[in-house]
Each structure stands twice: as C-alpha cells, then as structure tokens.
Amino acid sequence: MESLRLKTFWAALFLAIIILFSVDILIWNSAKPYFINEIKNETNDKLNLAKGILNYDELTKNNSKYLKSFVDKIKTLTGLRTTIIDKNGKILADSDIPLIKNSNLPNNLNLPEIQEALKKNNGLVIRKSKNYNIKLFYYSETLLQNGRIIGFIRVVLPNEFLNNKMRFLTYILVLSNLIILIFIMMWSHFYWKYIEKQFNNFKADINKINNQFTFNLLPTQKYSKFNELAGLINVILEKHRLQLLSKDKDKKQLDRLLNSLNEGVAAFDLSGKLIFNNSNFISILEIEQPTDQKQLIYDWIHFPPIIKDLNEFENNKKKINRRIKYYGNKFIEYNILPMKSFDNVTGFIITVVDVTHLQNLETMRTDFVANVSHEFKTPLTSIKGFAETLLAGNVKDTNTQKKFLEKIGNKTIQLENLVNDLLKLSKIEKREIHQIEKINPVPIINDIISEFQPQAADKGLTIEKQDQMTRKEVYINASKELLHNIISNLLVNAIYYSPNGGKIVFVFYIKENMIHLEIKDQGIGISQKDQNRIFERFYRIDNARSLFSQGSGLGLSIVKNTVEILNGKYGVESKLNKGSNFWIELPLVK
C-alpha cells in the first residue's frame with residue numbers, strides 16, 4: 001500500500017505539473033492576443049483624438065508643411081512615431097523623417113498594416129523594421145472624407161509594450177504555480193490517508209462475505225469509488241444482465257439501421273430466398289413487400305436486367321455494378337455483392353439507389369456540350385470558308401475582300417462574345433463572383449444607362465429614363481459587376497431587337513421592400529411559348545439570330561442566374577411584334 005501511495009503521489013504530482021504547464025501555455029497564448037488587442041484599442045483611442053484635430057482639407061491638398069507639423073505634434077503628445085500616407089501609398093509626412101526627404105520614400109500601399117486597414121478600416125501588424133532591425137508594432141487607420149478613403153495615419157509602437165505585459169504575466173503564473181503545487185502536495189497527503197482507511201474498511205467487508213455465493217450483501221461504502229466498485233461486484237453476479245439485448249432487440253436495431261439508409265438493401269441466400277430487406281428497397285424498385293420471407297427473388301423481382309445479372313453472379317460469384325433505366329423515367333444503379341462468412345459465399349446482397357437526378361444532370365451536361373459545339377460550329381465554318389476563299393486568291397476585288405474580312409471579323413466577335421459569356425455564366429453558377437456588399441444601386445444604374453446611350457444613338461434609338469424612386473438613399477446586397485451584368489444584357493437585347501428610330505424606356509422605382517427595374521422596348525416581341533424558355537442557355541427565338549447574329553444566347557441565362565444569386569425575381573411580358581418588357585426585382589436592405 002505504501003508503494004502504491006508513493007507511485008500515486010509522484011504520478012499525481014507529475015500530472016499536476018503537466019496540467020499546470022498546459023494551462024500556462026494556454027493562458028500565455030490567450031493573453032498575448034488579448035494584450036495585442038488592448039494595445040490596439042489604446043492606440044485607436046489616441047488616433048481618434050489625433051484624427052479629431054487633423055485638417056482633412058490640408059491632407060487632400062498634400063500640404064507637406066502642415067502634415068509634417070501635425071505628425072510632429074502627435075509624436076510629442078503620444079511619444080509614437082507617426083506617419084501620414086496618401087491613398088496611393090505615398091508617405092506625405094513622417095515624424096522621424098525630415099520634410100525634404102519625403103519624396104524619396106518607397107510606396108507603402110502594399111504593407112500588411114495598410115492592406116488590413118483597407119479591408120477593416122484599421123490594421124495592426126507586428127513585423128521587423130528594416131531601419132532598426134527589431135520587431136515593432138505598426139498600427140494604421142484609414143482617413144475618410146465623405147465616406148471615401150483619402151489616406152492613412154500610421155503609428156509605430158515598440159515591442160516593449162507587449163514584453164512588459166508578458167513578463168508580468170510570467171511572474172504571476174510562476175508564483176501561482178508554486179502555490180498550487182504546494183497545496184496539491186499537502187492535499188494529496190491527507191487525502192491518501194483517508195483513502196487508505198476506506199480501503200481497509202472495504203477489504204474487511206469483502207473478507208466477511210468471502211465464502212458466500214452472492215456479493216449483493218456488500219454494504220454501502222463511504223468512499224464513492226469503492227461504493228461504485230461494490231455495486232459492480234453485485235451486478236456481475238446477476239448473470240442474466242450480461243445479456244443486455246436479446247436476438248429480437250438485435251434484429252429491431254438492425255432493421256432501424258437499414259431503414260435509415262438512403263440505399264435500398266436486400267440479402268438473399270444462395271438459393272435466392274429473402275433473408276431481409278429495408279423499406280427503401282421496396283420504394284425504389286416500386287414493388288410490394290412479400291408476405292412470405294422465404295419467397296424466392298425470381299418470384300418477387302421481375303426486372304429483366306437484374307434477373308440476367310443474377311444468373312451471371314451465380315456463375316462467377318463476382319461483384320456486379322450497373323446503372324440502367326428502370327420503368328418510366330426512373331434510373332437506378334444497383335450492385336450485386338457476395339455475402340461471405342469465413343471466406344465462404346453464403347448468399348448475396350443487392351443494393352439499389354435511385355440515380356434519376358444524377359442521370360438528369362448528366363443529360364443536362366451532354367446537352368450543354370452539344371449546344372456549345374453547335375454554337376461554335378456555325379461561326380467557325382463561316383470563318384473557315386471565307387478564309388479559304390481569300391487564301392485561294394479567287395477574290396480579286398478589294399471591296400469583296402473587305403466584305404469577307406468584315407464577315408470574318410464579325411464571326412470572330414461572335415465567338416469572342418460566346419466565350420466571354422460562357423466564362424461569365426460559369427463563374428456565376430459556381431458563385432465565383434466579386435464580394436457582395438451593401439451598395440446604392442441608383443448611381444450605378446444611371447452610369448450604365450449613360451454608357452449605353454451612344455450605342456443606342458448609333459441605331460437611332462433613344463433611351464428614356466423614368467426615375468420614379470421615392471427616395472435616393474436605397475441599398476441592396478450586390479456588387480457593381482453583378483448589377484452591370486443584369487442591366488447591360490437586358491439593354492443590349494433591347495437595342496439589337498428594336499427597330500431603328502424606336503424608343504427604349506428604362507423605369508425603376510420602389511415596390512414594397514424591393515427595387516423594381518423595367519426595360520421596355522418596341523422590338524419584335526416574344527411569343528407565349530418562347531417566354532417559358534427564353535431564360536434557358538442558348539435558347540433563341542426563330543428570328544433572333546438574323547437580327548442579332550453576334551449574340552451568344554446566354555445573356556438572359558446570365559440575368560436569371562445573377563438575379564437568383566441576389567435573391568431577386570425576374571420576368572418578361574411580351575407580345576409578338578409589339579415589344580417586350582423585361583423586369584427584375586432586388587430586395588432592399590437597411
């Protein structure tokens with residue numbers, strides 16, 4: 001008992017040291033970010049006071065004398081080196097650099113603290129100074145005027161700020177560890193004396209009933225661990241409790257497990273008699289559960305490919321995997337696997353999965369490849385034909401040569417548009433898009449309309465903007481690029497499918513909690529049949545290709561996918577030869 005006591009003592013002491021050491025490391029690692037954040041907050045408070053006295057107009061004018069005076073004043077007040085940097089990364093003033101040398105300083109835009117400030121409005125980085133060859137804290141904040149970044153203010157803090165805090169923390173940890181270890185040693189000594197007394201009592205109780213068959217007469221022990229042991233000894237004597245689950249419970253548990261699987265599973269012996277099956281096996285194959293569990297598989301399943309593969313399995317006992325069309329439009333994938341017991345095949349297992357959705361996706365992929373191939377083939381054939389004719393020297397007339405070259409150029413533009421739209425659509429569908437943020441769409445919409453005014457004027461069209469917004473300060477979650485994708489594709493269609501001299505009306509207003517945009521044209525219109533498919537990839541109405549040969553057929557699909565990413569709605573209202581009205585709605589945010 002004495003040997004066990006010593007071993008326990010040293011083991012407890014060693015464990016306590018390991019735990020304390022681990023806790024110290026945890027506290028150390030947790031405290032360092034906390035102290036750094038504390039330094040960051042303190043520096044932020046100082047810079048807020050500094051920014052309060054900064055004349056932003058002088059900053060925008062790059063008034064070097066004023067800025068030099070300002071950073072010198074901040075260093076005098078805070079004792080920290082202070083730097084003013086413009087939005088392009090050029091140092092305008094530094095408290096540690098004479099004014100005359102500022103123009104020779106390197107660009108600071110790519111410094112990590114500046115990059116972090118661009119993302120979060122402030123940045124704190126610990127890095128080695130090139131000038132002093134020591135680690136320093138570099139803290140920077142953006143300088144904003146009318147919500148726009150006009151520059152940065154940066155201060156440099158010595159690493160000693162953090163070192164002092166960490167040294168104090170080390171002192172506290174060492175002192176507390178010594179106190180805890182002394183307490184543990186004292187406590188373990190007295191606690192072991194108590195355990196030793198309880199063990200002797202427990203040993204005496206066991207000796208009293210040593211010759212009895214049952215041990216359930218062991219009395220309750222004062223020490224909880226010995227009391228648990230006494231209870232275990234009593235339970236061991238109840239042999240029937242070792243069998244916690246009967247065969248019936250095992251079967252029910254197995255049934256629940258199998259029925260929770262997405263796959264259908266059924267097992268059969270070598271003669272084809274059913275051993276068990278789950279509910280999904282019945283539902284996927286759309287068959288009835290047999291009333292006789294000994295029913296043969298050939299009397300239960302009548303799908304010819306499965307029967308054929310079963311015959312093949314009987315001959316070679318090898319795994320069979322097949323994906324095949326089932327009845328109706330359903331596709332299934334099934335496996336026939338040998339069921340083994342000690343390397344002997346005792347039967348077989350059939351697993352079946354409904355892969356209709358996967359098959360439909362594969363069909364969509366095949367159709368997409370076919371559509372892309374078709375869209376590429378036509379312009380490539382034209383380019384090849386015109387190029388071969390020109391290379392053969394059969395066209396001597398300069399005007400005809402020019403026309404051929406123009407057609408080659410147009411077809412090349414068509415291919416370029418197709419590739420660009422395919423890449424754009426692929427990025428949108430994969431959500432590889434610019435970061436979505438809170439933006440005001442009204443100025444972006446006005447810019448896009450202005451961008452397309454010259455293109456419309458070349459065709460004699462006018463774009464009439466009807467701004468019916470009840471308030472100008474509205475916001476949506478989007479990006480300028482995504483909004484441009486939507487509106488530009490709709491405007492391009494309106495321009496190309498409208499007759500010369502016509503009018504395009506662009507209307508936008510607030511509708512409940514959405515911003516509603518409409519683009520109305522006086523073009524060829526779309527039949528009701530085509531309206532149901534107009535947003536599909538490559539789908540174009542019959543006379544669209546002749547009017548807009550350079551189109552890719554992907555513009556409206558890009559609109560559809562982009563609007564869905566932004567949680568919006570879209571639609572079209574049109575009649576043949578009476579124009580079209582495409583509309584979208586995007587949710588507003590506060």
Side-chain angles (χ1 to χ4, degrees), residues 406 409-410 413-414 416-417 420-421 424 439-472 474 476 478 480-511 514-528 530-531 534-535 540-560 562-563 568-586:
E406 287 177 350
N410 290 335
I413 292 173
Q414 182 180 348
E416 183 181 16
N417 292 339
N420 289 335
D421 285 347
K424 188 180 297 182
I439 61 172
N440 185 348
V442 176
I444 298 175
I445 292 171
N446 291 328
D447 291 342
I448 296 174
I449 294 173
S450 300
E451 177 186 339
F452 280 88
Q453 289 284 7
Q455 188 175 346
D458 290 341
K459 198 175 177 181
L461 297 169
T462 59
I463 300 179
E464 180 183 319
K465 181 179 71 175
Q466 296 184 6
D467 184 348
Q468 300 176 6
M469 300 290 290
T470 55
R471 63 181 191 272
K472 299 301 181 185
V474 295
I476 62 173
K480 185 176 180 180
E481 180 187 11
L482 293 178
L483 199 57
H484 193 280
N485 283 343
I486 297 170
I487 298 174
S488 61
N489 277 293
L490 294 177
L491 278 176
V492 166
N493 283 351
I495 291 172
Y496 277 100
Y497 295 132
S498 293
N500 293 348
K503 180 173 69 174
I504 298 171
V505 179
F506 195 111
V507 184
F508 52 101
Y509 56 87
I510 295 176
K511 180 181 179 182
M514 315 278 279
I515 180 170
H516 183 93
L517 292 82
E518 293 182 14
I519 298 178
K520 304 176 183 178
D521 62 56
Q522 299 171 337
I524 59 177
I526 307 169
S527 67
Q528 186 62 44
D530 291 326
Q531 289 180 35
I534 197 68
F535 290 96
R540 304 179 75 182
I541 58 180
D542 294 336
N543 55 349
R545 294 184 184 273
S546 60
L547 291 174
F548 186 16
S549 61
Q550 295 178 0
S552 64
L554 295 172
L556 291 180
S557 182
I558 291 174
V559 172
K560 168 184 174 292
T562 306
V563 172
K569 302 176 182 178
Y570 62 91
V572 60
E573 300 167 0
S574 181
K575 291 184 180 180
L576 280 175
N577 302 317
K578 292 187 178 180
S580 302
N581 177 16
F582 285 89
W583 60 268
I584 62 169
E585 291 180 349
L586 300 175

- Query: Between E451 and Q453, does any side-chain donor sit less than 3.5 Å from a side-chain acceptor?
  - Reply: no
- Query: If you take all heavy atoms of P499 and L461, which pair is closest and at what distance?
  - Reply: O-CD2, 3.1 Å
- Query: Can you tell me how far CD1 of I526 sits from NZ of K578, rounded to the nearest 0.5 angstrom?
  - Reply: 15.0 Å
- Item | Backbone N/O of I495 and side chain of K459: donor-acceptor pair under 3.5 Å | yes
- Query: Just wondering, do S527 and D530 contact through their side chains at under 4.5 Å, heavy atoms?
  - Reply: yes
- Task: Taking the side chain as every heavy atom from C-beta outward, state whether I439 and I444 have any atom pair closer than 4.5 Å.
- Result: yes
- Query: Checking side-chain contact (heavy atoms from CB on, under 4.5 Å) against N489, which of I558, I519, T562 comes through?
  - Reply: I558
- Hey, could you give me the NZ/CH2 distance between K520 and W583, rounded to the nearest 0.5 Å? 13.5 Å
- Item | Check against side-chain contact (heavy atoms from CB on, under 4.5 Å), I524 and L576 | CA-CA 6 Å; I524 59 177; L576 280 175; over 6 Å; no
- Query: Side-chain contact, heavy-atom cut-off 4.5 Å: F506 with Q466?
  - Reply: no
- How many angstroms lie between NZ in K511 and CD in E585, if you round to the nearest 0.5 Å? 4.5 Å
- Message: side-chain contact (heavy atoms from CB on, under 4.5 Å), that's the test. Do I515 and I584 meet it? Break it down for me.
- Response: CA-CA 8 Å; I515 180 170; I584 62 169; over 6 Å; no
- Message: Using every non-hydrogen atom in the two residues, find where S498 and Q522 come nearest and quote the distance to one decimal.
- Response: OG-N, 4.0 Å
- Item | M469 and I510, any side-chain heavy atoms less than 4.5 Å apart | yes
- Message: Can you confirm whether S557 sits close enough to F535 that some side-chain heavy atom of one is under 4.5 Å from a side-chain heavy atom of the other?
- Response: no
- Yes or no on side-chain contact (heavy atoms from CB on, under 4.5 Å) for Y570 and L556, after CA distance, side-chain angles and deciding distance? CA-CA 10 Å; Y570 62 91; L556 291 180; over 6 Å; no
- How long is the gap from OG on S580 to CD on E573, to the nearest 0.5 Å? 10.0 Å
- Query: Less than 4.5 Å apart, any side-chain heavy atom of S574 and any of N581?
  - Reply: no
- Item | Candidate list H516, K465, E518, Q468, test side-chain contact (heavy atoms from CB on, under 4.5 Å), partner F508, passing option | K465
- Message: Within the structure provided, determine whether L586 and L483 are in side-chain contact (heavy-atom separation under 4.5 Å).
- Response: yes
- Message: Within the 4.5 Å heavy-atom criterion, are I487 and I445 side-chain neighbours or not?
- Response: yes
- Query: Say you draw a straight line from CG of L517 to CD1 of I486; how long is it, rounded to the nearest 0.5 Å?
  - Reply: 8.5 Å
- Message: Nearest 0.5 Å, please: how far is CG in N440 from CD1 in I476?
- Response: 8.5 Å
